Protein chains: 2
Amino acid sequence: MKTDLENNVDLVAALLKSMSHPVRLRILCQLRDGEKTAGELQSVIKTTNANITQHLNIMRNQGCISSRKEANYIYSSISNQKILTLINTLQTLFCEKEK
Amino acid sequence: MKTDLENNVDLVAALLKSMSHPVRLRILCQLRDGEKTAGELQSVIKTTNANITQHLNIMRNQGCISSRKEANYIYSSISNQKILTLINTLQTLFCEKEK
DNA sequence: AGTCTATTTTAGAATTTAATTAATTACTTA
DNA sequence: TAAGTAATTAATTAAATTCTAAAATAGACT
């Protein structure tokens with residue numbers, strides 16, 4: 001059974017908002033392949049590591065991203081299948097290209 | 001053929017951003033059933049009509065929403081199937097409820 | 001302990017966003 | 001043409017977001 005999206009707009013809007021920043025969407029794209037450290041993300045996404053951490057925090061607080069610590073590396077990953085499905089849907093819908 | 005989402009993050013992030021406000025997501029939900037006037041939207045979404053118009057403008061500028069004028073009513077509607085599919089995906093993913 | 005590396009946290013300024021109110025436009029109808 | 005309705009635009013203010021730079025934390029290594 002489903003509840004209407006209308007009953008959950010606040011939650012869903014907050015979730016979308018946490019994903020709708022170029023740096024954050026870039027991070028999510030990177031994490032599709034599996035967990036990465038802030039340093040690995042920074043090597044691909046050109047901004048400061050402080051900035052990467054801040055954006056990771058926003059998504060962590062929203063529940064998009066999980067972290068685990070190992071030595072002095074912190075590995076971040078997409079926290080659940082739903083987020084991954086959403087990202088894949090975005091790609092299918094908006095990145096289709098004619099050959 | 002697909003291009004990677006990574007090549008389109010700026011565009012997709014901007015699109016998501018235009019949808020990730022509670023009032024705007026509420027408007028999109030309402031428009032799933034078909035076009036509505038600002039007045040009709042206002043009767044369901046409790047805010048001023050100026051505010052409704054402003055949010056409609058944001059989505060219109062982003063290409064989510066189209067408008068047509070008839071007499072002194074302006075009917076707004078979801079501009080394309082992709083947006084509708086995305087909204088339905090959000091509902092399926094995040095509004096599923098156990099019976 | 002001291003140093004190095006990886007990361008996070010904090011504080012600040014600059015920018016953007018959002019809501020409110022008032023004024024304006026466009027159309028209809030008496 | 002004047003009044004009424006629907007919607008938009010503009011201006012203001014308040015609030016939230018973002019980036020930068022500096023300081024702080026945590027673990028690894030010597």
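As the structure is a computational prediction, the values presented were derived from the model and not from experiment. A note on names: the letters A, B, ... follow the listed sequences, proteins ahead of strands, and every chain is numbered from 1.
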Contact check, side chains of [X] and [Y], non-hydrogen atoms, under 4.5 Å:
X      : Y      : value
C95(A) : N8(B)  : yes
R32(A) : L5(B)  : yes
R26(B) : D10(A) : yes
C29(B) : V9(A)  : yes
R60(B) : S76(B) : yes

Nearest-angstrom distance from the residue atom [atom1] of [X] to [atom2] of [N]:
X      : N       : atom1 : atom2 : result
K17(B) : dT16(C) : NZ    : C1'   : 7 Å
I52(A) : dA6(C)  : CD1   : C1'   : 13 Å
Q54(A) : dT9(C)  : CD    : P     : 10 Å
M59(A) : dT8(C)  : CE    : P     : 12 Å
I65(A) : dT7(C)  : CD1   : P     : 14 Å
I27(A) : dT7(C)  : CD1   : C1'   : 13 Å
H21(A) : dT17(C) : NE2   : P     : 10 Å
N61(B) : dA18(C) : CG    : P     : 13 Å

### Query
Which residue, L93(B), I87(B), T92(B), forms the side chain to side chain contact (heavy atoms under 4.5 Å, CB included) with T89(B)?
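With T89(B) as partner, L93(B), I87(B), T92(B) yield a single side chain to side chain contact (heavy atoms under 4.5 Å, CB included), made by L93(B).
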### Query
When you check the phosphate oxygens OP1 and OP2 of dA6(C), does a side-chain N or O of K69(A) lie under 4.0 Å from one of them?
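So the side-chain polar atoms of K69(A) never come under 4.0 Å of the phosphate oxygens OP1 or OP2 of dA6(C).
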### Message
Quick one about Q62(A) and R24(A) (side-chain donor to acceptor, distance below 3.5 Å, no hydrogens or angles considered), yes or no?
### Response
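Side-chain D/A pair, R24(A) to Q62(A): absent.
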### Task
Establish, from distance only, whether the side-chain atoms of E40(B) and Q30(B) form a donor-acceptor pair under 3.5 Å.
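No, Q30(B) and E40(B) have no side-chain donor paired with an acceptor closer than 3.5 Å.
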### Strand contacts (DNA chain D) in residues 70-79 of chain A, 4.0 angstrom heavy-atom criterion
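Correct list: A71(A), N72(A).
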### Start and end of chain B contact along DNA chain D [non-hydrogen atoms, under 4.0 Å]
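The footprint of chain B covers dT5(D) to dA11(D).
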### Given DNA chain D, 5'-ward residue of the pair A50(A) and N49(B), judged by closest heavy atom
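It is N49(B) whose nearest nucleotide is closer to the 5' end.
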### Query
Got a second to check how far L90(B)'s CG is from K82(A)'s NZ, nearest 0.5 Å?
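Output value for this atom pair is 12.0 Å.
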